[in-house]
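Below: the structure, in structure tokens.
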Amino acid sequence: MEILILPTPKAAERLAARIVADRLRDKPDLVLGCATGATMEGIYAELVALHEDAGLSFARATTFNLDEYVGLPPDDERSYHHYMRRHLFDHVDLQPENTHLPNGVATDLAAEARAYEAAIQLADGVDLQLLGLGRTGHIGFNEPLSALMSRTRQVALTPITRSQNAPMFGGDPEAVPPYALTMGVGTILESRELLMIVTGERKAEILATATEGPITSMVSATALQLHARCVVIADEAAASRLVGREHYRWEFENDPEWARYR
Ligand code: GLP
């Protein structure tokens with residue numbers, strides 16, 4: 001795992017978008033794993049700007065999102081389908097048939113989960129998976145005690161997550177759907193590269209637990225420590241509790257891999 005510390009949320013989002021853009025230029029048929037949440041909004045805005053101003057093309061790319069609420073149809077403004085159209089899909093040249101999210105209104109959710117896994121396999125797996133970090137340490141919607149080898153499935157959302165996501169539901173945690181379909185931790189770990197973006201002081205504690213704590217299914221994001229190519233981009237505020245932050249800064253300044261991003 002490498003941790004890159006940037007001065008501001010904006011700088012963190014911009015770096016994440018530059019990495020996505022470079023992977024896309026290197027491999028135009030990139031399979032991009034998309035995440036949702038407030039943190040991702042700035043990254044998608046940067047990608048849209050790169051599409052409009054610098055000709056970045058998604059025409060041959062494929063996307064797979066991490067998760068979707070159970071019971072919300074794609075045209076519901078609070079669904080992740082709608083979020084993705086609003087923030088990315090409607091503004092770039094992705095082919096709609098190449099964008100994938102779990103169907104939260106499928107009549108057979110277990111069959112939907114299996115079909116989603118099969119679709120990822122058919123696309124030859126995810127090249128680069130974007131990740132945010134939930135307050136419970138979740139990646140996707142893998143709440144505490146999700147098996148580190150878990151697959152796409154229906155999960156129950158914890159009260160903490162429902163209150164974290166309440167702003168999208170008029171501020172009422174009870175209005176947040178109680179269930180979601182999510183890629184499993186094991187599914188996520190099969191992506192060839194992982195890029196997690198974490199900003200803000202309120203994520204500082206959980207970021208330290210996720211990256212420097214022991215690997216445990218109690219905190220799904222600790223599983224990222226097992227991945228051979230995982231980059232975490234944090235702003236100063238989110239990085240403030242990291243014991244190793246001076247070392248991470250030194251690495252970012254000195255590792256030739258990051259020279260073009262400094
Ligand atoms: C939701 C998503 C997660 C995301 C998290 C972080 O719970 N299911 O994939 O990581 O939000 O959200 P935010 O960026 O708003 O803090």
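Counting convention: from 1, in listed order, for ligands and their atoms alike.
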Residues Thr161 and Glu143: side-chain donor-acceptor under 3.5 angstrom: yes

So for Gln164, does at least one of its heavy atoms come nearer than 4.0 angstrom to any atom of ligand 1? yes

Can you name the closest pair of heavy atoms from Met183 and Gln129 and give their distance? CE-OE1, 3.7 Å

Under 4.0 Å from a heavy atom of Gly37: give me the atoms of ligand 1 that qualify, with their elements. 12 (O), 14 (O), 15 (O)

Closest approach of Pro167 and Ser163, non-hydrogen atoms and distance? CD-O, 3.9 Å

Using a strict cut-off of 4.0 Å, indicate which atoms of ligand 1 neighbour a heavy atom of Thr39. 13 (P), 14 (O), 16 (O)

Classify the ring geometry between Tyr80 and Phe141 as parallel (under 30°), tilted (30 to 60°) or perpendicular (over 60°). parallel

Donor + acceptor pair across side chains of Arg249, Asn254 (<3.5 Å): no

Closest to atom 4 (C) of ligand 1 among protein heavy atoms sits Thr36 O, 3.7 Å

Without hydrogens or angle criteria, can the side chains of Arg14 and Thr8 be said to hold a donor-acceptor pair below 3.5 Å? no

Can you name the atoms of ligand 1, numbered from 1 with element, that are less than 4.0 Å from a heavy atom of Gly132? 10 (O)

Ligand-side contact atoms (ligand 1) for residue partner Leu133, heavy atom cut-off under 4.0 Å: 6 (C), 10 (O)

Would you mind checking if Glu193 and Arg23 are paired as a salt bridge, meaning a charged N to carboxylate O distance below 4.0 Å? yes

Numbering the atoms of ligand 1 from 1, which are under 4.0 Å from a heavy atom of Arg202? 16 (O)

Quick test: of every protein heavy atom, which one is nearest to atom 15 (O) of ligand 1, and how far off is it to 0.1 Å? Ala38 N, 2.8 Å

With heavy atoms under 4.0 Å as the rule, classify the contact between Ala35 and ligand 1 as side chain, backbone, both or neither. neither

Consider only side-chain N and O atoms of Tyr69 and Asn165, and report whether a donor and an acceptor are under 3.5 Å apart. yes

Where the closest heavy atom to atom 7 (O) of ligand 1 is concerned, which of Met196, Lys203, His138, Glu41 has it? His138

List the closest protein heavy-atom neighbour of atom 2 (C) of ligand 1: residue, atom name, distance to the nearest 0.1 Å. Tyr80 OH, 3.7 Å

Distance from atom 9 (O) of ligand 1 to nearest protein heavy atom, with residue and atom: Gly140 O, 3.5 Å

State, yes or no, whether a side-chain contact exists between Gln95 and Phe58 at a heavy-atom distance under 4.5 Å. no

Do me a favour and list the nearest non-hydrogen protein atom to atom 8 (N) of ligand 1 with residue, atom name and distance? Asp67 OD2, 2.8 Å

Taking both backbone and side-chain atoms of Met40, is any N or O found less than 3.5 Å from an N or O belonging to ligand 1? no

